[in-house]
Every structure is written in structure tokens, then in C-alpha cells.
Amino acid sequence: MKLMKHWMLWSALAGCMLSASAQNNPPPDGPPPGPPPEAVAACKGKVEGDKVQFTGHRGDTVSGVCHKHGDVMAAMPEGGPPPPPPR
């Protein structure tokens with residue numbers, strides 16, 4: 001009987017934790033955003049694999065490599081995409 005109470009308590013706690021976790025991460029609305037316009041403009045007239053530099057939306061210089069994203073050629077920052085802006 002005591003074991004059953006412990007199991008039920010832990011199950012209830014796990015359910016509460018999962019519920020709280022789901023509320024902190026709402027599902028995204030629609031498809032993910034495409035590459036920023038600056039990254040697209042930097043690769044205009046370039047071929048995949050070309051190295052480019054462009055000014056990011058925060059005013060910083062970004063070095064990247066042109067990659068095809070669906071129908072769009074855009075620069076992917078070296079080392080991966082930049083971190084999201086602070087909230």
C-alpha cells in the first residue's frame with residue numbers, strides 16, 4: 001500500500017512537471033523564419049560555397065559562406081547561426 005502511494009505521488013509530480021514544461025515552450029506559429037535579408041543580399045550573384053561578409057542586423061560584421069536554402073541563396077554565418085537576440 002505504501003509503495004502504491006509513493007508511485008501515485010511520483011506520477012502526479014511528473015505530470016505536473018511535464019505540464020509546466022509544455023507551458024514554458026509554446027509551439028511556434030507557422031514555419032521558421034527564412035534567412036535575414038542581409039544574408040541573402042550578400043550572396044546575390046555568388047555561387048554556393050563562396051565566402052562573404054555582411055553587416056548583420058545588430059551592426060556587426062558577419063563572415064559566412066553562401067548556401068542554398070530552398071530557392072534562396074543566403075550566407076550562413078561561420079560557426080553556425082548567431083544566437084537569438086536578448087529579450
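Worth saying up front: this structure is predicted, and the values here are computed from it rather than measured. One-based numbering along the sequence shown.
In this structure, the side chain to side chain donor-acceptor pair (under 3.5 Å) partners of S63, at least two apart in sequence or on a different chain, are Q53. Taking the side-chain contact (heavy atoms from CB on, under 4.5 Å) definition, one finds that D60 meets it with R58, V62, sequence neighbours left out. Contacts of A75 classified as side-chain contact (heavy atoms from CB on, under 4.5 Å), with partners at least two apart in sequence or in another chain: A39, C43, V52, F54.
Contact between K68 and M73 at its shortest, heavy atoms only, is N-SD, 4.0 Å.
Grouping Ile, Leu, Val, Met, Phe, Trp and Tyr residues whose side-chain heavy atoms lie under 4.5 Å apart, directly or via other members, places V40 in a hydrophobic cluster with V72.
Among pairs with a residue in residues 34-51, none fulfils side-chain hydrogen bond (donor to acceptor under 3.5 Å, both in side chains), at least two apart in sequence or across chains.
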